[in-house]
There are 2 protein chains.
Amino acid sequence: MGRHREFDVEKALDAALCVFWRKGYEGASYADLTEATGVERPALYSAFGNKEALFRQALARYDEQYLDYIPEALQLPTARQVAAHILYNAADLNTRYPNHTGCLGINGALAGSDEAEPVRQALIDFRAAGQAQLRERFERAKAEGDLPKTAKSDALAAFVMAVTHGMAVQAKAGFSRDMLGAVAEQALSTWPTGSSTLSGKSSEP
Amino acid sequence: MGRHREFDVEKALDAALCVFWRKGYEGASYADLTEATGVERPALYSAFGNKEALFRQALARYDEQYLDYIPEALQLPTARQVAAHILYNAADLNTRYPNHTGCLGINGALAGSDEAEPVRQALIDFRAAGQAQLRERFERAKAEGDLPKTAKSDALAAFVMAVTHGMAVQAKAGFSRDMLGAVAEQALSTWPTGSSTLSGKSSEP
DNA sequence: GCGGTTTAGTAATGGCCATTATGAAAAAAG
DNA sequence: CTTTTTTCATAATGGCCATTACTAAACCGC
């Protein structure tokens, strides 16, 4: 029993997510959040908890709703396809919405006041989890002969992630989808292969 | 005539620079700045103007004091050496000071409140200037036959910058100098060569 | 339709923010 | 030594911040 909620919690979370995406954790004020969600402050608190809790839920939703290309990528047959799928989809996502360019995982909190340290750490862990998945996928690729045994899977994973992070910074600076695509292409050129040569171009746009 | 300044303006600027480097523009409060510089608020205002003006002066000093490896790099004989010098020195700088890892050009202001928009734009312009220099250097390299005529100098410059930005993000997340060095090495292993093959390793550590 | 319970919205609270008024202190000029 | 000019430091100002009492309204089971 009791009164029903008058707003759609999921829609409010989506709206808050976009605010965080654009302004980051500390840059987003409750004035911004209430305006974007159409929900008054106390209702946001009762539905999501405080600002940090709201951000963490937004991050989880971001992972589900926007980063589904990562599990997709990990299932592709070759390491090179995995990397290509990630890089081109990142270029895409980072430039798809003009109102919130770049990546929530980067925009969220890079530097800031000490108060935001827990959120910063959460984002570090979030990115590290993705990188670990990628490294493991590359290790499998080595076992399968898809990558040379001399390849360093942790360095390769860090490299792919570094390029996506760099593209996120550039997207936030206004770089076009095409420019980021060119960056991705360059990152993929001469990818190490099991059979020593054949550096070929990407199969993706 | 009149009273002398009791603090060293340059030292105060250096201290403020480190605060911005660590916390970014919005994350740095005047409480932080007065503590780090040992200078009271009104003295900072009279010496540097407001917070935005102080940040811009800190950025200029950062360019002079810490990014001298970029003009150095541009004078090296080959495009590959230019890129290698930039990437390895960036890996170094990003991890040299445990109290302010990463890069001021990235940490300074990526996302944030609307109020910080001018600072964000200043940093975008700052990074774009570096990227433009690099692109021009690569065009020269094409003219000199040091890069293939088919190479896209703007994409190459954007790629090198993307990797440095990504390394800055990773450094802020606590990555070691060695890990960033491995990222740089991987970035250089994709480098196109004039003579079609021979993707060789870097000459730098 | 009434009592219990949950939500909505207004408006308050205390804290930190950048910025600056104010007046004391210090140094050079006359 | 006095006057003028500049810097210093304390402390105030107004605004925005996240968070939350508090009151009114809406719904469910009875």
Integer-rounded Å distance: dG9(C) P and R5(A) CZ: 12 Å

Measuring only between side-chain heavy atoms, which start at C-beta, is L93(A) closer than 4.5 Å to L67(A)? yes

D178(A): what forms a salt bridge (Lys or Arg N to Asp or Glu O under 4.0 Å) with it, not counting sequence neighbours? none

Is there a donor-acceptor pair under 3.5 Å between the side chain of N107(B) and the backbone N or O of L104(B)? no

Salt-bridge present (E139(B), R135(B); N to O < 4.0 Å): yes

Check every strand shown and say whether A47(A) touches a base, only sugar-phosphate, or nothing at a heavy-atom separation below 4.0 Å. nothing

Applied to residues 92-116 of chain B, the ring pair (Phe, Tyr, Trp, His ring centres under 6.0 Å) test, sequence neighbours excluded, yields W21(B)-Y97(B), W21(B)-H100(B), Y66(B)-Y97(B), Y97(B)-H100(B)

The answer to which of G49(B) and V39(A) contacts DNA chain C further toward the 5' end, by nearest nucleotide, is V39(A)

Between E72(A) and H85(A): side-chain donor-acceptor atoms closer than 3.5 Å: yes

For G105(B), is there any backbone N or O sitting under 3.5 Å from a side-chain donor or acceptor partner on R127(B)? yes

Out of curiosity, I124(A) CD1 to E117(A) CD, how far, rounded to the nearest 0.5 Å? 6.5 Å

Atom pair distance, as rounded to whole Å: CG in L44(A) and P in dA8(C): 10 Å

Within the sub-3.5 Å range, which N or O atoms of nucleotides 27-30 of chain C have a protein N or O partner, and how far apart are they?
from, atom 1, to, atom 2, distance (Å)
dA27(C), O3', H4(B), NE2, 2.9
dA28(C), OP1, H4(B), NE2, 2.2

Within this structure, what is the NE2-CD distance for the pair H165(A) and Q131(A), rounded to the nearest 0.5 Å? 6.5 Å

Length of the line joining R41(A):CZ and dT10(C):P, which is rounded to integer Å: 11 Å

Contacts to DNA chain C from residues 11-18 of chain A, heavy-atom cutoff under 4.0 Å, which residues? none

Is any side-chain heavy atom of V160(A) closer than 4.5 Å to one of I86(A)? yes

Going by the rule ring pair (Phe, Tyr, Trp, His ring centres under 6.0 Å), which residues pair with F175(A) if we only count those two or more places apart in sequence or in a different chain? none

Covered region of DNA chain D, 5' end to 3' end, by chain A [heavy atoms, under 4.0 Å]: dC17(D) to dC28(D)

